[in-house]
S.K.: 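Here it is: the structure, laid out below.
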Amino acid sequence: MKQESQNRLNHFNTLKCKYEASESQNLSYSSILYHILRKVDLNIELNDLETNWLKESNLDKTLKLIQKKQQRKQQEFINLEAEFFQLKSKYKAKNHNTSWQTSKLYYILLKLDSGILLVDSENQWLKVNDLTDTYIISQDIKDFIQLKCKYKASQYENCYPNDTLYKILKKLDLNEHLNDVEYNWLINKQLYETAEIFKQQESAKEAKFTALKSKYQANNYHNQSISDTLYKILLKIDAEEKLLHDELQWLTQHGFIETISIIQELEQTQEFASLKVKYKAIQYSDLSPKCHLYKVLRKIDSGSCLCDQDINFLKKRKLTETIEIANEQYAFYLKSKISLGEMLNDSDMEWLNANNYDNIIQLAQKQHFVILKRKYGLIDPNIPMELFYTIMLKLEKKERLDIILVSQLMEQGILSRHGQIAIAHYKLEAEFYEQEYQRTGSKWHIPTASAYWRKADEPEQALNITNLDLQKIKDSKLKSAILVTRGGAFRDMELADAENCARKAMEYHPDSYQPYTLMGAIYYDRGDYTRGDYWFEEAIKRGAKSEDIDDEIKRIFRSTKDDNKRQEAAAYLLNKDPNRYVWAKSYLQKIKAHK
């Protein structure tokens, strides 16, 4: 206890001397004065009672000293806060709102401003507190310090990233050319070792430029400036980097034809090496892009089909894997075409067949069948593909159909007599007989061609082919046949002209039943059924079969668009012979249903 009391007394005496309060000998006040002096020494503000006590105790000198100390403290607070604000602004941390007295940021910024590298935990603290810009500056400072060390400029004090030296050192590190202003700046700052490193770099680049010009046949260019476009281009070529279009254009404009040729050969060599790996042909030793394998591999890579010569070339060199990959790739390409709705041509189908890609063939055929069904107006989803696909393929290739098969399909009701397949078939037949007429000169092909043009709903074509000078034809039967088909065509357009043709046909060949059948049809078209029957009976007398006459009457019913006329004709036939013309009832029922 005695020692503690002595220590307190010694401390009190020290404080009295420090704050010039030694003249105070009043022991009754000693505890108050010791309390006040201890607070002041700890930088704790005095309250009004304590300040007044010092005044009342005549300790004016002590009070003045205390007040000066507190003023200095306040000023130092202000200074520290201003310094913190300036540092936050300099290091882009303004948005971090915290007191300088408690924040870690003040210490971190002071380290940065002193050129001291931050440790990992401090950098992490910047990231966690969203001080991204400050973190970036810290990394730039780190980079700046390392560059100063690398390029012999450590004596340069400033480390802030916006400094001129940092920009110069980054250019040196990228082996870029310094301009005269930048070089002279180094000399003025007495950074002679840094300037010497730049000179050494320049010498090395000049030697490199000379070697590159020789290597890539650009010696006719004598500008030794290493910042020149040519040097940058040659460096890219040497690094096997692909040139931009503008760079190639620059070489062309400046006449570097040999350099461009070398570039093209290098690119082709690189592509060739890559293609050999891609298509399992690395055992082929030749690396020259002039060899045939390069052309073959490029063809495969473009998705093209290999010809027999290319296949044989690969087989001779035992590149069977290459062939397999090429086939699979081309097959995939064809399958992709199908999925995109594109049609495969005959050569594609032949290739698939030769290489046993039956699944793709079936896929192509199914897609083609759907397209052809749409084209030829086949809406029945259950229509047999095997039969009708063959028929439509023939029509697409302008090949004639089997007439007997077509007739059977029509009789069975499988194929419409007036559908697009039938019309396409009739056109092919008409064109065939026209060609036969041109080939052989036989005019007997004319009525046949004309009849098919009529069935194809093209009466104009039938009239065109039968528009002949009959006076030059000696055969009366032929004249009659031509007039009958011509009259049939006129039936679809003008009945008066049709009748004239029928009567002239009778004159040329009175014993033929066909002109009479035509006359019967004309009168049925006019609605004069009694007169029509008369001509039909005349046709039967000359050899026409009654069932053929009935078929002709049925055709008239099918082609008539006037429901009233159809109803009138049906009633007439049923009244005449209800058993023979029982089929006419269906037309009456259809008309009633429509009503």
S.K.: For the pair E202 and K205, find out whether any cationic side-chain nitrogen is under 4.0 Å from an anionic carboxylate oxygen.
M.R.: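 The answer is yes: the pair qualifies as a salt bridge.
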S.K.: Distance check, rounded to the nearest 0.5 Å: F256 atom CZ versus L251 atom CG?
M.R.: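 Between F256 CZ and L251 CG, I get 7.0 Å after rounding to 0.5 Å.
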S.K.: Examine distances only and state if a side-chain atom of N353 and a backbone atom of M349 form a donor-acceptor pair shorter than 3.5 Å.
M.R.: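 No; judged by distance alone, with no hydrogens or angles, the pair does not exist.
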S.K.: First locate atom OH of Y389, then atom CE of M392, and finally report the distance between them rounded to the nearest 0.5 Å.
M.R.: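 Reported to 0.5 Å precision, the distance equals 8.5 Å.
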S.K.: Would you check, one step at a time, whether the test side chain to side chain donor-acceptor pair (under 3.5 Å) holds for D143 with Y166?
M.R.: CA-CA 9 Å; D143 185 43; Y166 187 39; 2.8 Å; yes
S.K.: Is there a donor-acceptor pair closer than 3.5 Å between any side-chain N or O of K39 and the backbone N or O of L46?
M.R.: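 No: the side chain of K39 does not pair with the backbone of L46.
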S.K.: Mark yes or no for whether S288, through its side chain, and K290, through its backbone, hold a donor-acceptor pair below 3.5 Å.
M.R.: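 The answer is yes, because a donor-acceptor pair under 3.5 Å joins these two groups.
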S.K.: Can T322 and L297 be said to form a side chain to side chain contact (heavy atoms under 4.5 Å, CB included), step by step?
M.R.: CA-CA 9 Å; T322 307; L297 295 182; 3.9 Å; yes
S.K.: Does the E328 side chain pair with the main chain of I325, one donor and one acceptor, at a distance under 3.5 Å?
M.R.: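 Here the side-chain-to-backbone pair does not exist.
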S.K.: Side chain to side chain donor-acceptor pair (under 3.5 Å), that's the test. Do E193 and Y151 meet it? Break it down for me.
M.R.: CA-CA 8 Å; E193 288 183 282; Y151 293 102; over 6 Å; no
S.K.: Find out whether L37 and T62 are in side-chain contact, i.e. whether some heavy atom of one side chain is under 4.5 Å from a heavy atom of the other.
M.R.: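 The answer is yes; the side chains approach within 4.5 Å.
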S.K.: Y160 vs D140, test: side chain to side chain donor-acceptor pair (under 3.5 Å). Steps then yes/no.
M.R.: CA-CA 8 Å; Y160 197 73; D140 285 339; over 6 Å; no
S.K.: Using side chain to side chain contact (heavy atoms under 4.5 Å, CB included) as the criterion, list what pairs up with Q253, not counting sequence neighbours.
M.R.: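 Expected list: Q249.
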S.K.: Are the side chain of E50 and the backbone N or O of N47 linked by a donor-acceptor pair below 3.5 Å?
M.R.: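 Here the side-chain-to-backbone pair exists.
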S.K.: Does the side chain of Y135 come within less than 4.5 Å of E122's, by heavy atoms?
M.R.: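 No - every pair of side-chain heavy atoms lies 4.5 Å or more apart.
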S.K.: Check the pair D173 / L169 against side chain to side chain contact (heavy atoms under 4.5 Å, CB included), numbers first and verdict last.
M.R.: CA-CA 6 Å; D173 207 47; L169 295 181; over 6 Å; no
S.K.: Do D358 and Q362 pair up side chain to side chain, a donor and an acceptor below 3.5 Å, judged on atom types alone?
M.R.: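 No, Q362 and D358 have no side-chain donor paired with an acceptor closer than 3.5 Å.
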S.K.: Any chance CD1 of I379 has more than 12 other-residue heavy atoms, nucleotides or ligands included, within less than 6.0 Å?
M.R.: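 No, the 6.0 Å shell around CD1 holds no more than 12 heavy atoms from other groups.
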S.K.: Are any side-chain N or O atoms of E247 and backbone N or O atoms of I233, one a donor and one an acceptor, separated by less than 3.5 Å?
M.R.: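 No.
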S.K.: Of K167, K170, K171, which meets salt bridge (Lys or Arg N to Asp or Glu O under 4.0 Å) against E182?
M.R.: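 Only one option passes, and that is K171.
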S.K.: How about Q200: does its CD atom have over 12 heavy atoms from other parts shown lying under 6.0 Å from it?
M.R.: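 Yes, the 6.0 Å shell around CD holds more than 12 heavy atoms from other groups.
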S.K.: Keeping S339 on the side-chain end and S336 on the backbone end, is there a donor-acceptor pair under 3.5 Å?
M.R.: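 Answer holds: yes.
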S.K.: Are L306 and F313 side-chain neighbours, meaning at least one heavy-atom pair lies under 4.5 Å?
M.R.: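 With C-beta onward as the side chain, the pair stays apart.
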S.K.: Taking only residues two or more places apart in sequence or in another chain, which ones pass salt bridge (charged side-chain N to carboxylate O under 4.0 Å, His left out) with K299?
M.R.: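 Applying salt bridge (charged side-chain N to carboxylate O under 4.0 Å, His left out) to K299 gives D310.
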S.K.: Ion pair present between K337 and D348, side-chain N to carboxylate O less than 4.0 angstrom?
M.R.: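 Result for this pair is yes, salt bridge flagged.
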S.K.: Classify the angle between the aromatic ring planes of W351 and Y357 as parallel (below 30°), tilted (30 to 60°) or perpendicular (above 60°).
M.R.: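 W351 vs Y357 ring planes: parallel.
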S.K.: Quick one, Y216 with L212, criterion side chain to side chain contact (heavy atoms under 4.5 Å, CB included). Give me CA distance, side-chain angles, the key distance, then yes/no.
M.R.: CA-CA 6 Å; Y216 296 106; L212 288 174; 3.8 Å; yes
S.K.: Between H254 and W250 (side chain of the first, backbone of the second, donor and acceptor by atom type, cut-off under 3.5 Å), is there such a pair?
M.R.: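 It does hold such a pair.
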S.K.: State, yes or no, whether a side-chain contact exists between K73 and K68 at a heavy-atom distance under 4.5 Å.
M.R.: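 Heavy-atom side-chain distance check fails, nothing below 4.5 Å.
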S.K.: Looking only at non-hydrogen atoms, find the nearest pair between Y330 and C305 and report the distance.
M.R.: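 Closest pair (atom of Y330, atom of C305, distance): CZ-CB, 3.4 Å.
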S.K.: Would you indicate whether the side-chain heavy atoms of N129 and L105 approach each other to under 4.5 Å?
M.R.: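 With C-beta onward as the side chain, the pair stays apart.
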S.K.: Taking the six-membered ring of F85, is NZ or CZ of K90 closer than 6.0 Å to its centre and within 45° of its axis?
M.R.: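 Negative - K90 is either too far from the ring of F85 or too far off its axis.
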S.K.: Show your reasoning for whether side chain to side chain donor-acceptor pair (under 3.5 Å) applies to D120 and Q124.
M.R.: CA-CA 6 Å; D120 291 342; Q124 187 63 31; over 6 Å; no
S.K.: With ring centroids as reference points, do Y156 and W185 lie under 6.0 angstrom apart?
M.R.: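 Yes; W185 has its ring centre under 6.0 Å from that of Y156.
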S.K.: Kindly compute the distance separating CD1 (I108) from CG (L87), expressed to the nearest 0.5 Å.
M.R.: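 Going from CD1 on I108 over to CG on L87, the span is 12.0 Å.
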S.K.: What are the two closest non-hydrogen atoms of I145 and G115, and how far apart are they?
M.R.: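 Answer, listing the atom of I145 first, then G115: CD1-O, 3.4 Å.
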S.K.: Is the positively charged end of K148 above the ring of F144, judged by distance under 6.0 angstrom from the centroid and angle within 45° of the axis?
M.R.: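 Cation-pi check for K148 and F144: passes.
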S.K.: Give every donor-acceptor pair under 3.5 Å between a side-chain atom in residues 274-284 and any protein atom, sequence neighbours left out.
M.R.:
from	atom 1	to	atom 2	distance (Å)
K276	NZ	Y284	O	2.6
K276	NZ	D286	O	3.4
K278	NZ	D301	OD1	2.8
Y279	OH	D301	OD1	2.5
Y279	OH	Q329	OE1	3.4
Y279	OH	Q329	NE2	3.1

S.K.: Are the side chain of D238 and the backbone of L234 linked by a donor-acceptor contact shorter than 3.5 Å?
M.R.: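 Judged by distance alone, no pair lies under 3.5 Å.
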S.K.: Side chains of Y106 and E83: donor-acceptor distance under 3.5 Å anywhere?
M.R.: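 Per modelled atom types, Y106 and E83 side chains form a pair under 3.5 Å.
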S.K.: Is it the case that the side chain of S214 and the backbone of T210 share a donor-acceptor pair, with hydrogens and angles ignored and the cut-off at 3.5 Å?
M.R.: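 Not a single qualifying donor-acceptor pair exists.
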